[in-house]
Amino acid sequence: MKRDILDLPPRKLETQVADWRQARFRAGQIQEWIYKKDVRTFAEMTNLPKALRQRFAAEFEICRPTVARRLVSKLDGSSKFVIRLFDGRLVETVLIPSERRLTLCVSTQVGCRFGCKFCASGAGGFVRNLTAGEIVAQMMLASRAAGPAKITHVVFMGMGEPLDNLKSTVDAALTINSELGFNIGWRRITVSTVGIPGTVEELIRHAPQIGLSFSLHAPNDELRERIIPANRRFSVGSIIATARHCFRETGRLPTFEYVLIEGWNASTGHARALVELLSGIRCKVNLIPLNPASACGLSSPGSEQTLRFLSVLERGGVKATIRHSRGADIIAACGQLACPGRPVA
Ligand code: SAH
């Protein structure tokens, strides 16, 4: 079987070219053809020696997932792309325009192992990891659909847990960041994670300036375990320790995501406990009122309680913002991405 050229971040492409005793700049030329000029075959790469083109064509393909469906939100103009992979599996990716940004939210797995109570992506269990090429392809397909508008930010917040698929996440991020790839600065790329110990440290070794968001969702282990069953393996304490480590290493403020779920973690008491937990820690909190997803029967606390929660954090000296999820009418908001056809309550 041929290998997918989109799996190779710049360095690995250079190594490949060097292995074939070709000048390294050939790697840059190939990237330019693929990512800037959007060609679909090696034969079109006319500034490469013919023999090299043929060698690549014999051993590699330019993997082409396809857009099975595009849905455009009437509420806010965000687009959800349902993408068909080589094996017929589907993943979703969401393009989110806002005043000064065009953000792409990419998926890293088909399904998810973590089974967070409130998230549709894991409701059907885990199917498989995406390859780096399949993550990069989401970027290519969305860029093409965006036309002249340039994607400015990328968030690894779609289906799956990026750090449960570390190698593909790192390789895809390297291509997205590369000047000859999509040229998106590390400060505009964010990975959201449940916080698998060890993996975050590994990620920042490859991408020291990448943004990190930790899905915290509770101020203590007992509650977090009810919301995220995986907390049995990685505690609130370990996540905070990882976030502190990252801040020391990168100088970038970590974000803690906190989904507000009525009757579970959204009272002012929980807000006070969160202030206590985070006191003295350099960070931001991103409150996310729960979006309806999967048949879990949970709901968001409503805007008054959300603002009350926010003000407790602010008065306690914790930097916090509210994330207004986008694309709810096309089932594209946080936690709603799943294979199409699966019922969402
Ligand atoms: N697996 C990664 C990426 C998940 S998506 C992680 O857990 O961080 C990004 C964010 O959306 C996470 O914080 C996730 O917990 C949150 N989310 C999931 N389901 C949600 C829902 N129904 N409503 C609001 N946010 C949700």
Side-chain angles (χ1 to χ4, degrees), residues 80 91-94 96 103-126 129-130 135 153-166 168-169 173 189-197 199-200 203 210-218 223-224 226-231 233-234 236 239 242-243 246 254-262 264-266 283-302 306 309 320-328 331-338 342 344-345:
K80 176 164 89 170
V91 283
E92 301 184 334
T93 196
V94 185
I96 310 160
T103 303
L104 187 69
C105 175
V106 295
S107 292
T108 53
Q109 296 180 319
V110 182
C112 182
R113 278 183 229 281
F114 290 85
C116 300
K117 290 263 182 310
F118 48 86
C119 179
S121 299
F126 174 75
N129 279 331
L130 298 192
I135 301 172
H153 293 71
V154 176
V155 294
F156 286 72
M157 297 190 185
M159 294 163 65
E161 166 51 49
L163 300 190
D164 186 38
N165 184 12
L166 184 63
S168 295
T169 293
I189 303 176
T190 303
V191 167
S192 176
T193 178
V194 287
I196 309 166
T199 58
V200 185
L203 173 68
I210 203 163
L212 284 166
S213 281
F214 295 88
S215 289
L216 184 62
H217 305 330
L223 183 53
R224 192 168 192 265
R226 283 171 56 208
I227 300 176
I228 307 178
N231 188 65
R233 285 186 287 141
F234 7 105
V236 167
I239 287 172
T242 306
C246 293
T255 297
F256 291 109
E257 291 156 299
Y258 194 104
V259 173
L260 289 167
I261 311 172
E262 171 64 20
W264 283 62
N265 65 355
C283 65
K284 293 175 281 192
V285 170
N286 196 199
L287 299 173
I288 317 173
L290 183 87
N291 298 304
S294 74
C296 60
L298 303 172
S299 60
S300 103
T306 300
F309 199 104
T321 47
I322 297 174
R323 181 190 298 172
H324 297 287
S325 291
R326 312 276 302 270
I331 318 182
C334 295
Q336 296 187 324
L337 301 186
R342 185 172 294 153
V344 173

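In what follows, every heavy atom counts, from backbone to side chain, and hydrogens, waters and symmetry copies are set aside. Whatever order the structure lists them in is the order used to number ligands and atoms, beginning at 1.
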Of the choices Cys119, Pro292, Ser215, Ser192, which has the non-hydrogen atom that lies closest to atom 3 (C) of ligand 1? Ser192
Measure the shortest side-chain to side-chain distance between Leu290 and Glu262 over non-hydrogen atoms and say whether it is less than 4.5 angstrom. no
Which word best sums up how the rings of Phe256 and Phe214 line up, parallel for under 30°, tilted for 30 to 60°, or perpendicular for over 60°? tilted
Protein heavy atom at shortest distance from atom 19 (N) of ligand 1: Gly335 CA, 3.0 Å
Ile288: numbered ligand 1 atoms lying under 4.0 Å from its heavy atoms: 24 (C), 25 (N)
So, do Met157 and Pro162 sit near enough that their side-chain heavy atoms are less than 4.5 Å apart? no
Can you sort out which atoms of ligand 1 are near Val194, meaning under 4.0 Å from one of its heavy atoms? 6 (C), 7 (O), 8 (O)
Min N/O separation Leu290 to ligand 1 under 3.5 Å: no
Ignoring hydrogens and angles, tell me if any N or O in the side chain of Asn165 forms a donor-acceptor pair with the backbone of Thr108 under 3.5 Å. yes
Tell me: protein heavy atom nearest atom 5 (S) of ligand 1, and distance? Met157 O, 3.2 Å
Under 3.5 Å donor-acceptor, Ser121 side chain and Leu337 backbone: yes
Does any N or O of ligand 1 fall below 3.5 Å from an N or O anywhere on Phe118, backbone included? yes
Selected option - heavy-atom contact closest to atom 14 (C) of ligand 1, from His217, Glu257, Lys117: His217
Thr103 side-chain N/O to Val154 backbone N/O, donor-acceptor pair under 3.5 Å: no
Treating Ser107 as the side-chain partner and Glu92 as the backbone partner, does any N or O pair qualify as donor plus acceptor under 3.5 Å? yes
Ligand 1 atoms in contact with Gly160 (distance to a heavy atom under 4.0 Å): 1 (N), 2 (C), 3 (C)
Check: Gln336 side chain, Pro292 main-chain N or O, donor-acceptor pair, under 3.5 Å: yes
Indicate, as side chain, backbone, both or neither, the part of Asn291 found under 4.0 angstrom from ligand 1 when only non-hydrogen atoms are considered. both
Compare every heavy atom of Ile196 with every heavy atom of Thr193, then report the nearest pair and how far apart it is. OG1-N, 4.0 Å
Please list the nearest protein heavy atom to atom 16 (C) of ligand 1 with its residue and the distance rounded to 0.1 Å. Val259 CG2, 4.0 Å
For atom 21 (C) of ligand 1, what's the nearest protein heavy-atom neighbour? Residue, atom name and distance, please. Cys334 O, 3.2 Å
Would you mind running through ligand 1 and noting each atom that sits below 4.0 Å from a heavy atom of Thr193? 6 (C), 8 (O)
